[in-house]
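Numbering of ligands and ligand atoms starts at 1, following listing order. All residue numbers in this chain count up from 1 along the given sequence. Atom set for the values below is all heavy atoms of this structure, side chains included, hydrogens, waters and symmetry mates excluded.
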Amino acid sequence: MAPFIRLKSISKHFADVVAVDDLSLDIEEGELFCLLGASGCGKSTLLRLLAGFESPTKGVIEIDGQDMAGVAPADRPVNFMFQNYALFPHMSVADNIGYGLRRAGMRGTELAERVDSLLKLVRLHKLGGRKPHQLSGGQRQRVALARALARRPKLLLLDEPLAALDKKLREDTQFELVDIQEKLGTTFIVVTHDQEEAMTLAGRIAIMDAGQLVQVDAPRRLYERPKSSFVADFLGTISFVDAVVASRDQTSITIGGDLNICAACDDDLPIGAAVKLAIRPEKIYLSRTKSGNVNEIEVVVEDLAYLGFATNYRVKTASGQMFKLQQQQRRSLDAPLSWGETGYVHFDPQDVIVLQD
Ligand SMILES: Nc1ncnc2c1ncn2[C@@H]1O[C@H](COP(=O)(O)OP(=O)(O)OP(=O)(O)O)[C@@H](O)[C@H]1O
Ligand SMILES: [Mg+2]
């Protein structure tokens, strides 16, 4: 069966700017899909193409098995929640939510019941009579969401839906958004440039760069098995070691140079191949004394930042290789190392990501 959304070699040019560059992507019905990327990489343009506010310079967009070429925005099974959504200030919350339904001709008990169920969905059932200015930012956000869902679109496009909220409210609203999406089973495509938000929300994330998709995967795979140093670096913190394969067996490689690092690796890499090893901060252990573990390296503490729940360190080897690591705060551990102190890091070969770009 064809996927719910199919983008086939889509490009969008604005004069000499290539906003979307030969991009192909399938999204299944009911997915909560996130587009993540730096400012200007083409996220909003991709949403606008799906909504029909722009038409592609090249390529085909299919939604629900139908070619969208020439189909007006209002005739697509799609609704859009803009970043700077505006509620009608003079209308009550309930009237805001019902606005699109009334315009489509719905009246009476059908309208009242639909609005009521939407108010319940976004947990505002006691506040239907209020005006937008009598709500908190998060509540207004939920009204906007209910309004966008009112006509039961099959696809909801959300462009930075939580950007206006402060951190705490944003985190709560993220969980709510996931809940609502699961309840309805509506396909959501959410644009964000906040990686933590994408990780929290999405079943799958597409990392976008310069109009192209660099990797599309589940959050865990993107984080633990990035396919390029761009993705590894974009998502979270990571330390890179540039090296050359010095020896190998069936399941691992060892690099040459002064760092004798062993990394799990199934790829058939020849001796002499240039690689980039990447290690996440929470996978690196730091101790004052030698432990005899594999991949143990002597380091000096260059920098540390106490975060309460953990301490972030930057440590350096004698040859100048830097590692960034995070150590959880636990009573059972030694007192944390301090600035300038010598210690030892070690990490499991399984936790070393081998990249070849
Ligand atoms: N109507 C337009 N005319 C000309 N150039 C445009 C137009 N819309 C977008 N662009 C350009 O296309 C590129 C992609 O823009 P887009 O708005 O899709 O980025 P974005 O990923 O949404 O960025 P942000 O995170 O800042 O919102 C940018 O270089 C932008 O300047
Ligand atoms: Mg944008």
Side-chain angles (χ1 to χ4, degrees), residues 5-27 31-61 63 68-74 76 78-86 137 140-141 144-145 147-148 153 155-167 170-171 173-174 177 181 187-202 204-217 219 222 226 228 230-236:
I5 295 166
R6 171 157 277 177
L7 304 178
K8 285 194 268 193
S9 301
I10 294 291
S11 293
K12 179 65 186 175
H13 298 193
F14 295 106
D16 56 348
V17 178
V18 183
V20 175
D21 186 8
D22 194 30
L23 181 153
S24 296
L25 174 68
D26 288 352
I27 296 176
E31 274 199 73
L32 204 172
F33 192 91
C34 262
L35 283 171
L36 180 63
S39 183
C41 73
K43 306 179 295 293
S44 296
T45 304
L46 194 58
L47 284 199
R48 294 174 60 80
L49 286 165
L50 280 161
F53 302 131
E54 306 281 357
S55 41
T57 310
K58 185 180 87 54
V60 178
I61 298 175
I63 300 178
M68 288 291 122
V71 180
R76 299 186 180 204
V78 178
N79 209 339
F80 202 120
M81 188 170 150
F82 294 98
Q83 173 171 354
N84 298 312
Y85 63 93
R140 278 200 290 270
Q141 192 79 50
L145 181 63
R147 192 176 61 178
L155 171 61
L156 186 60
L157 307 170
L158 304 107
D159 197 352
E160 303 269 4
L162 310 179
L165 305 182
D166 67 37
K167 187 169 160 53
R170 202 178 159 126
E171 285 170 3
T173 315
Q174 284 165 4
L177 198 63
Q181 195 273 340
T187 310
F188 278 23
I189 304 181
V190 182
V191 161
T192 175
H193 59 253
D194 178 338
Q195 45 145 317
E196 220 173 280
E197 181 160 298
M199 303 283 273
T200 307
L201 293 176
R204 282 197 305 157
I205 300 173
I207 309 265
M208 226 177 145
D209 181 35
Q212 298 182 329
L213 299 182
V214 285
Q215 190 173 347
V216 182
D217 250 321
L222 278 178
S228 60
F230 179 86
V231 173
D233 200 28
F234 189 82
L235 215 62

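Contact atoms of ligand 1 toward A19: 12 (O), 13 (C), 14 (C) (distance under 4.0 Å to a heavy atom of the residue).
Under 4.0 angstrom from ligand 1, the non-hydrogen atoms of T45 come from both its backbone and its side chain.
Among the backbone and side-chain atoms of S44, an N/O/S atom is found under 2.8 Å from the Mg ion (ligand 2).
Of all heavy-atom pairs spanning V78 and L50, the tightest one is CG2-O, 4.3 Å.
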**OP:** Assess whether side chain to side chain contact (heavy atoms under 4.5 Å, CB included) is satisfied between L222 and I207, documenting all intermediate values.
**Re:** CA-CA 9 Å; L222 278 178; I207 309 265; 4.1 Å; yes
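Between the side chain of R6 and the backbone N or O of I63, no donor-acceptor pair lies under 3.5 Å. Although no hydrogens or angles enter the test, the distance criterion places no donor-acceptor pair under 3.5 Å between the side chain of K58 and the main chain of K12. Side chain of Q195 to main chain of G236: a donor-acceptor pair is present (N/O by atom type, distance under 3.5 Å, no hydrogens or angles).
Not one N or O of E160 is nearer than 3.5 Å to an N or O of ligand 1, by distance alone. Polar contact with ligand 1: present for C41 (N/O pair, distance under 3.5 Å). Geometrically, ligand 1 and S44 share a nitrogen or oxygen pair separated by less than 3.5 Å. For a threshold of 3.5 Å applied to N or O pairs, the pair formed by V17 and ligand 1 contains no separation below that value.
Checked by atom type, the side-chain pair S11/D21 shows no donor-acceptor distance below 3.5 Å.
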